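Take a look at the structure set out below.
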Amino acid sequence: MDLLTPEQLSNYLFRVNLSILTVPVKPDLQTLCRIHLAHVQNIPYENLSLHLSKANQQFPGIIIQTGSLFRKIVQHGRGGYCFEQNLLFAAALKACGFSIYLLQIRTLKGPAVPVPDALRVHMAVGVVLDGIHWHCDVGYGGKGLRLPIRNDLVQTSKDGKFASVSNKEDKTYTESTLCSELYKDVQDVWQAAHGTCSGYGHRLRTKSTSENTTENTTANTTLQIQLPGLFMQALDSKGCFQDLYFFHLQETKFPEFLLLNWYTSTCPLASHLNNTVVAMQTPDGRHTYDGKEFKVFTGTKLAWSKHAQSEDEVYFHLKQLFNLKFDAA
């Protein structure tokens with residue numbers, strides 16, 4: 001995976017409405033949080049090249065090399081699905097001077113699917129800052145993270161207490177103090193991410209004693225930290241935490257994602273070939289499109305919806321809600 005050139009990084013920051021940052025960019029937590037939030041609120045999650053004629057004519061197929069991602073997402077104002085989003089984000093972070101690694105993720109479709117049977121068809125980005133591992137994911141769509149979350153700080157007991165499972169610190173946190181403590185140095189970014197958007201929240205948990213998360217793997221890792229498998233959870237519309245995905249803190253090299261991307265974008269059984277998905281977070285909620293209906297959410301509540309009656313109407317709403325353009329590439 002190539003990093004972005006200084007000129008490309010400047011163009012990327014302009015694309016995510018962060019031209020206030022000038023290159024070279026200081027690789028600290030403030031910068032990481034600002035870029036993460038700006039990315040998810042300005043670049044839509046979408047797989048339209050697999051479903052819409054104009055989108056496919058503009059960019060046929062899904063190519064995840066850095067140059068192709070920059071051309072599609074930055075220069076032509078498109079979005080992408082998880083591999084595209086997180087790889088461009090990772091290339092930008094590397095260009096900023098961050099220490100990053102790629103993570104392979106098993107997406108969960110409810111408690112009926114055991115972890116070993118869940119497909120590794122998602123990815124995320126790990127960032128190391130002052131010895132602390134931060135989990136970044138700008139490629140999950142509308143219910144994904146708004147800000148990075150610490151990879152080593154997880155819910156470790158039924159009473160909602162959080163502690164570091166990597167022994168980085170002795171401190172424990174409650175649900176109510178977790179965010180204010182973790183983001184105490186970036187309160188302005190936290191407020192921008194969650195101040196006007198109720199009902200959004202994420203956390204990590206370890207497995208329970210009854211869950212089988214055993215994986216048959218002999219893969220090597222360059223990470224010097226050993227953690228158990230972790231579940232990413234998000235609040236649902238009822239205010240309850242539900243599992244989104246499962247992962248180990250184990251680095252995955254870029255070539256492995258070439259194979260995963262080939263399966264995801266070409267296999268007739270793959271979810272992306274059978275489902276149109278467009279989603280983007282907004283300051284007060286999210287916008288979505290499932291191939292049939294456009295929806296606007298304020299917080300977790302549906303504020304507006306529209307069934308498109310024609311192809312022209314589809315492209316109109318894609319422009320209005322997601323700022324997607326399908327000019328000739």
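Here the structure is a predicted model, which means the values were calculated and not measured. Numbering starts at 1 and runs along the sequence shown. Both backbone and side-chain heavy atoms feed into the values below; hydrogens, waters and symmetry mates do not.
Pairing each heavy atom of Ala55 with each of Tyr315, the nearest pair is N-OH, 4.4 Å. What you find for Thr264 and Phe83 is that their closest heavy atoms are OG1-CE1, 3.6 Å. Closest non-hydrogen pair, Asn274 versus Pro268, comes out as ND2-O, 2.9 Å. Across Gly126 and Leu103, no two heavy atoms sit closer than the pair N-CD1, 4.3 Å. Taking both residues in full, the closest heavy atoms of Cys136 and Val127 are given as SG-CG2, 3.8 Å, listed atom of the first, atom of the second, then distance. The minimum heavy-atom distance between Ala124 and Ile105, with the atom names listed, is N-CG1, 3.9 Å.
Counting heavy atoms from C-beta on, the side chains of Lys143 and Arg286 come closer than 4.5 Å. Considering only heavy atoms from C-beta on, His272 stays 4.5 Å or farther from Ser265 through its side chain. The shortest distance between side-chain heavy atoms of His202 and Leu147 does not fall below 4.5 Å. No side-chain heavy atom of Thr282 sits less than 4.5 Å from a side-chain heavy atom of Gln41. Using a 4.5 Å heavy-atom cutoff, the side chains of Phe231 and Leu108 are in contact. Looking at Val189 and Leu37, their side chains come closer than 4.5 Å, going by heavy atoms from C-beta outward. At least one side-chain heavy atom of Gln104 sits under 4.5 Å from a side-chain heavy atom of Leu260. Put simply, the side chain of Tyr45 does not reach to within 4.5 Å of the side chain of Val138, judged on heavy atoms.
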Worked verdict on Phe322 versus Phe294 for side chain to side chain contact (heavy atoms under 4.5 Å, CB included) = CA-CA 11 Å; Phe322 304 98; Phe294 289 91; 4.1 Å; yes
Side chain to side chain contact (heavy atoms under 4.5 Å, CB included) evaluation trace for Lys295 with Leu302 = CA-CA 7 Å; Lys295 295 180 180 180; Leu302 180 63; 3.7 Å; yes
inquiry  = Working note: Thr276 + Asp290, criterion side chain to side chain contact (heavy atoms under 4.5 Å, CB included); need CA distance, chi angles, decisive distance, verdict.
reply    = CA-CA 5 Å; Thr276 300; Asp290 62 2; over 6 Å; no
Arg203 and Phe241: CA distance, side-chain angles, deciding distance, side chain to side chain contact (heavy atoms under 4.5 Å, CB included) verdict = CA-CA 8 Å; Arg203 69 183 186 188; Phe241 278 101; 3.3 Å; yes
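Linking ILVMFWY residues whenever their side-chain heavy atoms come closer than 4.5 Å, directly or via other members, places Leu249 and Leu129 in the same cluster. By the criterion of side-chain heavy atoms lying less than 4.5 angstrom apart, applied directly or through intervening Ile, Leu, Val, Met, Phe, Trp or Tyr residues, Phe316 is not grouped with Val278; the two fall into different hydrophobic clusters. Follow the hydrophobic side-chain contacts under 4.5 Å out from Phe254 and you reach Val125 in the same cluster. Put simply, Phe326 and Ile63 are part of two different groups of oily side chains (I, L, V, M, F, W, Y) that touch within less than 4.5 Å, one to the next.
A donor atom on one side chain and an acceptor atom on the other are found under 3.5 Å apart for Gln30 and Asp188. A donor-acceptor contact closer than 3.5 angstrom links the side chains of Asp28 and Thr31. Between the side chains of Asp137 and Asn86, at least one donor N or O sits under 3.5 Å from an acceptor N or O. A donor and an acceptor atom, one from each side chain of Arg120 and Thr252, are nowhere located under 3.5 Å apart. Using a 3.5 Å distance cut-off with no hydrogens or angles, the side chains of Asp312 and Ser310 do not pair a donor with an acceptor. Looking at Gln75 and Asn11, their side chains never bring a donor and an acceptor atom within 3.5 Å of each other.
With Ser49 as the partner, the side chain to side chain donor-acceptor pair (under 3.5 Å) test is satisfied by one option alone out of Gln58, Gln57, Arg78, Glu84: Arg78.
In this structure, Glu311 has no salt bridge (charged side-chain N to carboxylate O under 4.0 Å, His left out) partners at least two apart in sequence or on a different chain. Taking the side-chain contact (heavy atoms from CB on, under 4.5 Å) definition, one finds that Leu18 meets it with Leu13, Val16, Ile20, Leu21, Arg34, Ile35, Ala38, sequence neighbours left out. Every side-chain contact (heavy atoms from CB on, under 4.5 Å) that Gln8 has, sequence neighbours left out, goes to Leu4, Thr5, Phe70. Residues that satisfy the side-chain hydrogen bond (donor to acceptor under 3.5 Å, both in side chains) test with Asn42, not counting sequence neighbours, are absent from this structure. For Leu273, the side-chain contact (heavy atoms from CB on, under 4.5 Å) criterion is met by Leu50, not counting sequence neighbours. Partners of His51 by ring-ring contact (aromatic ring centres under 6.0 Å, His included), not counting sequence neighbours: none found.
No donor-acceptor pair closer than 3.5 Å links the side chain of Asp130 to the backbone N or O of Ile132. Although no hydrogens or angles enter the test, the distance criterion places a donor-acceptor pair under 3.5 Å between the side chain of Asn261 and the main chain of Ile62. Gln65 places no side-chain N or O within 3.5 Å of a backbone atom of Gly67 that could act as its donor or acceptor partner. Of the possible polar contacts, none joining the Asn56 side chain to the Leu52 backbone as a donor-acceptor pair under 3.5 Å is found. Side-chain N or O atoms of Gln85 include one that pairs as donor or acceptor with a backbone N or O of Pro44 at under 3.5 Å. Of the possible donor and acceptor atoms, none in the side chain of Glu293 sits under 3.5 Å from a partner among the backbone N and O of His307.
Taking the six-membered ring for Trp and the full ring otherwise, His135 and Phe247 have centroids separated by under 6.0 Å. In this structure, His133 has its ring center under 6.0 Å from that of Tyr101. A centroid separation of 6.0 Å or more is found between the aromatic rings of Tyr289 and His317. The aromatic ring centroids of Phe297 and His287 lie 6.0 Å or more from each other.
Counting heavy atoms of neighbouring residues, nucleotides and ligands inside a 6.0 Å radius, atom CZ of Phe14 does not exceed 12 of them. The environment of Trp304 atom CH2 is dense: over 12 non-hydrogen atoms of other residues, nucleotides or ligands sit within 6.0 angstrom.
Separating the CG atom in Asn47 from the CG atom in Asn275 is a distance of 8.0 Å, to the nearest 0.5 Å. Note: Met1 CE to Thr66 OG1 = 6.0 Å, rounded to the nearest 0.5 Å. Rounded to the nearest 0.5 Å, atoms NZ (Lys26) and SG (Cys96) are 13.5 Å apart. Taking CG from Asp243 and CG from Leu230, the interatomic distance works out to 11.5 Å, rounded to the nearest 0.5 Å. Distance check, rounded to the nearest 0.5 Å: CD of Gln233 to SG of Cys240 gives 10.5 Å.
The aromatic rings of His122 and Tyr140 stand perpendicular to each other, their planes meeting at an angle above 60°, with 30° marking the opposite boundary. Ring geometry, Phe89 versus His36: the interplanar angle exceeds 60°, so the pair is classed perpendicular (tilted spans 30 to 60°). Ring-plane geometry between Phe59 and His76 is classed as perpendicular, the angle between the planes exceeding 60 degrees on a 0 to 90 degree scale with a lower cut at 30.
The cationic group of Arg106 does not satisfy the cation-pi geometry with Tyr245, failing either the under 6.0 Å distance to the six-membered ring centre or the 45° limit from the ring axis.
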